Amino acid sequence: MAELVKVTVEDSTFSIERGTLLSELIPRLKLSQKPVLAKMNGEIVGLGRPLEEAMKVELIYPDSEEGLDILRHSASHLLAHAVLELFPGTKTGIGPPIENGFYYDFLRDKPFTPEDLSTIEKKMRELARKDIPIKKVIFSKKEALHLFKDLGQELKVELIEEKGEKEVTCFQQGDFVDFCLGPHLPSTGGIKHFKILSASGAYWRGDEKGKQLQRIYGTAFFLKQQLVDYLTLLEEAKKRDHRRLGPELDLFSFNEDLGGGLVLWHPKGATIRQVIEDYWREEHIKDDYEFVFAPHIAKLDVWRRSGHTEFYEAMYPPIQSEGLEYELKPMNCPFHIMVYNSRQRSYRDLPLRWGELGTVYRFERSGVLHGLLRVRGFTVDDAHIFCRADQLESETIGVIRLAMRLLAAFGFKDYDIFLSTRPEKYVGKVEDWDKATQALKHALEASRLDYQIDEGEGVFYGPKIDIKVKDVLRRSWQCTTIQLDFNLAERFDLNYVGEDGKLHRPFLIHRALLGSLERFFGILIEHFNGNFPVWLAPIQVIILPISERHDDYARALDKKFKEEGLRSRADLRREKIGYKIRDAETHKIPLILIVGDKEVDQGTASLRIHGLGDKGEIKVNEFLEKVRELDKNKSLDVNI
RNA sequence: GCCAGCAUAGCUCAGAUGGCCAGAGCGACUGAUUCGUAAUCAGUAGGUCGGGGGUUCGAAUCCCCCUGCUGGCUCCA
């Protein structure tokens with residue numbers, strides 16, 4: 001007679017025969033999703049594990065972050081295992097799971113070639129097929145050091161010396177041992193759907209002066225479909241890469257002779273920028289902002305006083321002029337502060353909200369430049385708010401609200417929000433930090449927003465809130481940053497006369513909502529895949545006459561639309577209509593009007609919507625009304 | 001800046017092992033075609049092979065330096 005044990009899985013308790021396999025029990029749970037792994041007493045096990053005693057079992061599902069981390073961590077070990085088999089003598093560094101995949105760092109004389117990578121991937125598949133058990137092994141620190149010294153793994157020795165406790169946890173699969181806390185899959189056979197993606201250089205412990213390592217990136221999933229979906233996503237992202245679409249749609253370009261990281265906005269890109277800027281100003285005016293303008297250079301002393309020369313690496317070298325040193329501005333703050341300091345301020349004046357689309361120049365190292373997303377000259381949608389302590393919270397709420405209003409207009413409605421608190425090295429008073437951090441917290445809570453706290457991740461001069469938006473491909477982009485600044489307030493001796501007649505230090509909030517126009521534009525291009533909605537499209541409507549005798553009508557429509565404030569064009573080239581349609585479609589013009597005999601007679605136009613095809617005839621006035629509506633409402637939907 | 005890779009016509013790309021005047025498609029231009037929902041036909045022009053130096057009888061091709069770009073490291077809007 002078999003003995004019964006009580007097992008609790010996912011809140012259901014069962015009395016089962018001792019030795020029943022977990023996989024036999026699972027069908028009884030009637031789960032909507034199939035689990036891939038389980039956790040028994042903290043140990044990660046496969047579903048084929050027998051249940052030998054009373055216990056609680058947690059199930060891990062294929063899309064859980066925890067499960068993916070375990071899988072990818074094991075995949076990174078598999079990678080290292082394969083590399084050591086193929087290239088004996090390679091030293092292993094670290095190999096963690098990361099968002100969307102994993103990597104492993106290696107120290108080796110020769111970098112890996114693309115051919116090496118496919119050989120490595122093949123070897124990994126071979127090792128996975130062997131289904132080698134992955135076992136946790138505990139050594140004494142002494143044993144572990146001895147072991148890794150014998151293996152010639154000097155980087156591991158360094159890590160164990162530093163991080164190892166009395167007992168050192170390692171994971172072993174076949175001949176391969178790694179210093180690692182785990183957890184890991186029960187065996188290599190669980191790593192089925194993976195791909196090696198790329199190789200690159202990396203520094204040992206991220207230190208530029210440290211050893212140069214070779215990093216290999218890969219990704220892994222539990223289900224084949226997940227891997228396929230991910231690789232498809234990468235393909236899709238590549239297709240809508242703004243560096244490809246930008247020049248293709250004649251939006252912007254770079255020029256080697258001009259210099260890296262310096263953007264040329266072409267007329268079409270500039271049109272979109274104008275629309276964004278106009279909208280930005282309108283919304284700021286609604287929120288009682290005022291605008292300022294400031295020059296692009298200032299005496300170097302300004303930047304000495306602000307601390308930028310000291311703390312900021314991205315400055316360009318100074319410009320000499322008449323024996324004085326001037327500096328290209330990397331930030332707008334000192335100028336706004338000087339406007340503030342141009343006269344005495346009273347508590348009644350506050351808050352002051354001053355915005356500027358300020359173009360700044362930062363020296364970014366050549367290797368970090370990346371399309372519009374990382375450039376050397378860019379325009380911050382900047383503003384500085386000078387306020388009293390009691391206004392801090394309401395001002396922050398206001399900024400958050402404005403940021404979301406702006407971002408939502410572009411279709412960004414999902415956010416990840418981070419609050420970064422006081423780091424180890426900081427300036428200012430702890431009371432001020434606490435007060436300000438509390439104000440930021442309350443502001444987030446009052447706005448009913450979920451947020452994560454990044455403890456100690458604030459900048460040295462103040463706590464901050466960062467908002468990341470998710471685009472249509474679910475990729476995350478940092479746009480909004482709201483930063484308190486205790487440093488500049490102090491350095492430039494900001495003050496106001498309080499109710500008590502004494503001088504007080506105002507709080508300085510530094511904020512950018514879209515981030516920079518260049519970067520935001522790059523994000524937008526990818527988000528929309530170049531298919532800008534009517535309110536943003538550089539050409540909103542194009543009129544295509546069928547033959548020359550319809551040109552006058554097309555011209556008249558074009559003129560009428562322009563007078564109505566629409567961005568319109570007429571294509572009067574002597575081409576067949578199919579050609580002109582194709583041309584308009586490839587230029588991603590949202591609205592296409594085709595006019596021939598019928599339309600001229602009836603005062604109509606035949607409407608075609610980009611991506612949606614032929615929508616039939618429409619009266620010109622009706623069309624105009626609808627387009628104006630789309631434009632005015634900043635509709636993201638092109639259908640009319 | 002560092003590691004690896006890339007740079008041929010406006011764009012996308014061919015041009016093994018160095019060797020006849022460097023090719024194609026699209027685009028541009030010229031001409032013909034006056035046409036109904038994603039490419040009409042014919043012709044013409046267009047290239048310091050990213051720039052500089054070197055090796056060689058001879059370099060787009062091999063070597064060095066520079067510039068720019070790509071994937072990362074680091075940093076950040």
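Because the structure is predicted, anything quoted here is derived from the model rather than measured. Numbers restart at 1 for each chain; the letters A, B, ... are given by sequence-line order, proteins then strands.
- Residue contacts for A/Phe520: at a heavy-atom cut-off of 4.0 Å it reaches no nucleic acid atom on any strand shown.
- Donor-acceptor pairing under 3.5 Å is recorded for the side chains of A/Glu158 and A/Trp204.
- Among the atoms of the strands shown, only primed sugar atoms or phosphate atoms (P, OP1, OP2) are found under 4.0 Å from some heavy atom of A/Gly261.
- Proximity note for A/Val368 (side chain, C-beta onward) versus B/G72, B/U74, B/A38: the nearest is B/U74.
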Pairing annotation in dot-bracket form, given for RNA chain B with Watson-Crick or G-U pairs under 3.5 Å and | for cross-strand partners: (((((((..((((.....[...)))).(((((.......))))).....(((((..]....))))))))))))....
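- Within the 4.0 Å cut-off from OP1 or OP2 of B/G1, at least one side-chain nitrogen or oxygen of A/Ser366 is found.
- Per the geometry, CZ belonging to A/Phe106 stands 18 Å off P belonging to B/G72, to the nearest Å.
- Side-chain contact of A/Gln483 with A/Tyr461: a donor-acceptor pair under 3.5 Å is present, judged by distance alone.
- For A/Ser198, the listed nucleotide lying nearest its side chain is B/G71; candidates were B/C75, B/G71, B/G36.
- Considering only the side chain of A/Pro111, B/A4 comes nearest among B/G71, B/A4, B/C73.
- Taking every side-chain heavy atom of A/Tyr203 into account, B/C73 is the closest of B/C73, B/G71, B/C35.
- Nucleic acid contact for A/Gly371: sugar-phosphate only, since backbone atoms but no base atoms lie under 4.0 Å from a heavy atom of the residue.
- Contact annotation for A/Ile577: backbone-only contact, meaning every heavy-atom pair under 4.0 Å involves sugar-phosphate atoms and none involves a base.
- Side chain of A/Arg574, nearest nucleotide from B/A4, B/U67, B/U33: B/U33.
- Nucleic acid contact class of A/Glu313 (heavy atoms, under 4.0 Å, all strands): none.
- Classification of the A/Phe521-A/Trp265 ring pair by plane angle, with boundaries at 30° and 60°, yields parallel.
- Whole-Å rounding puts the A/His242 NE2 to B/C69 P distance at 12 Å.
- Distance from the side chain of A/Gln478 is smallest to B/A77 among B/A77, B/U74, B/G36.
- If you take CG of A/Leu514 and P of B/C76, they are 21 Å apart, rounded to a whole angstrom.
- Both stacking criteria are satisfied for A/Phe378 over the base of B/A77: a centre-to-centre distance under 5.5 angstrom and an angle between ring planes under 30 degrees.
- OP1 or OP2 of B/U70 lies within a sub-4.0 Å distance of a side-chain N or O belonging to A/Arg243.
- Without hydrogens or angle criteria, A/Asp485 side chain to A/Leu488 main chain gives a donor-acceptor distance under 3.5 Å.
- The gap from the P atom of B/U17 to that of B/A59 amounts to 16 Å, rounded to the nearest Å.
- For B/U33, neither phosphate oxygen OP1 nor OP2 lies less than 4.0 angstrom from any side-chain nitrogen or oxygen of A/Tyr579.
- At least one side-chain nitrogen or oxygen of A/His370 sits closer than 4.0 Å to the OP1 or OP2 atom of B/G71.
- Minimum atom distance to the side chain of A/Lys576 is reached by B/C35, of the listed B/G36, B/A39, B/C35.
- Considering only the side chain of A/Glu256, B/G68 comes nearest among B/A38, B/C35, B/G68.
- By the 30° and 60° cut-offs, the orientation of the rings of A/His527 relative to A/Phe412 is tilted.
- OP1 and OP2 of B/G71 both lie 4.0 Å or more from every side-chain N or O belonging to A/Arg215.
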